[in-house]
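Encoded as structure tokens, the structure appears first; notes follow it.
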Amino acid sequence: MPRLSTREIMLQAARTGMVVPAFNVPHLPMMEPIVEALRAARAFGLIQVARLEWMKFKSGSLKAIRDTYAGCKDERFTRLHLDHVPVIDEDNLTVDVEAIIAEAMALGYESVMVDGSRLPLAGNIEATLKVVKMAHLAGLPVEAELGAVLGHESGPLPPYEELFLSGRGFTDPAEAKRFVAETGVDWLSVAVGNIHGAISGAAKSAKKVEARINVKRLDLIRAAVGQVPLVLHGGSGIRKESILAGVQHGIAKINVGTTLRQAYEAGVAVSAAEARQRTLAAATAVIRDELEIAGSADRLGTAGGIL
Ligand code: 13P
């Protein structure tokens, strides 16, 4: 059985209406129990790290994550992805995106994300195109974001209902069409009611607001971008019916960070063993109960099953 690339796996997921979870690793010891949860459920998922997780949390560096991954990966069920590398970060600072992406590619990351969503459309297109050119030369797929998935910035969010009903920051279908055509991006992260869990202040440890998805908007985006797999960030704490509806309407990758981080951090206050156990339980609940993807590695063909 040939080893499937992340690009092929994601296209297969999008074609067959399946979702691939991408689990963030803000603390290195979270990784092994996440891999174990995927293996035990025979589900396929990505292990991912965002820049802010080595800057503001304890994942160390791109290399530390890669080395930890090398020690616990199971390629029947996992691949390694670089999550958010923002052009303008959550503190409004400009980031040398290309240097970070180049380092990740050299270290063996298997797909990358550039996040130009804080730029106007033309700037986002320009920044994304640069990364697409770099990554495609190495045969790696690129994820980019269009629209504002809020939540990482410091300070309070506007009330969720107001945000949802106004559609403020939602991905515009016509812009999505242009963005995909002009960048050649492989996967598109969209804003359709989803928000990121907070990463600073007291909100970081508080229960995340329950978000939902505007499926009509998702359908319009889907129709505008054709077969490009769509990505839902802010996957923690979205209503289950909303997540499953999102998957039926084109979401092929869902990013999950806060739920597992909070489980790990609560456990660490007790012991390392407790932290491992709670991370395993939280990942298992997402895989089996929320996303209902036990056995997905067999259906996607990564575990040696039949495509
Ligand atoms: P949550 O922390 O809200 O699950 O979002 C994770 C995410 O989207 C990382 O890119």
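Worth saying up front: this structure is predicted, and the values here are computed from it rather than measured. Just follow the structure's listing: the first ligand is 1, and inside any ligand the first atom is 1.
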Who pairs with E8 by side-chain hydrogen bond (donor to acceptor under 3.5 Å, both in side chains), at least two apart in sequence or on another chain?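 If we apply the side-chain hydrogen bond (donor to acceptor under 3.5 Å, both in side chains) test to E8, skipping adjacent residues, the hits are S5.
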Suppose we screen for side-chain hydrogen bond (donor to acceptor under 3.5 Å, both in side chains). Which residues come up paired with E265, at least two apart in sequence or across chains?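 Testing E265 for side-chain hydrogen bond (donor to acceptor under 3.5 Å, both in side chains), a comparison that skips the adjacent residues, returns H27, R261.
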Heavy-atom side-chain proximity of R39 to R76 below 4.5 angstrom: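 Yes - at least one pair of side-chain heavy atoms lies under 4.5 Å apart.
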Are any of the side-chain nitrogens in K240 or E290 under 4.0 Å away from the carboxylate oxygens of its partner?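 No.
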Does V215 have any side-chain contact (heavy atoms from CB on, under 4.5 Å) partners at least two apart in sequence or in another chain, and if so, which?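 Checked V215 against side-chain contact (heavy atoms from CB on, under 4.5 Å); matches are I213, D219, A245, H249.
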Would the H233 and H152 ring centres measure less than 6.0 Å apart?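 Ring centroids of H233 and H152 are no less than 6.0 Å from each other.
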Exactly which residues line ligand 1, taking a heavy atom under 4.0 Å from it as the test?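 The 4.0 Å shell around ligand 1 contains N24, D83, H84, I195, H196, G197, K208, H233, G234, G235, S236, N255, V256, G257, T258.
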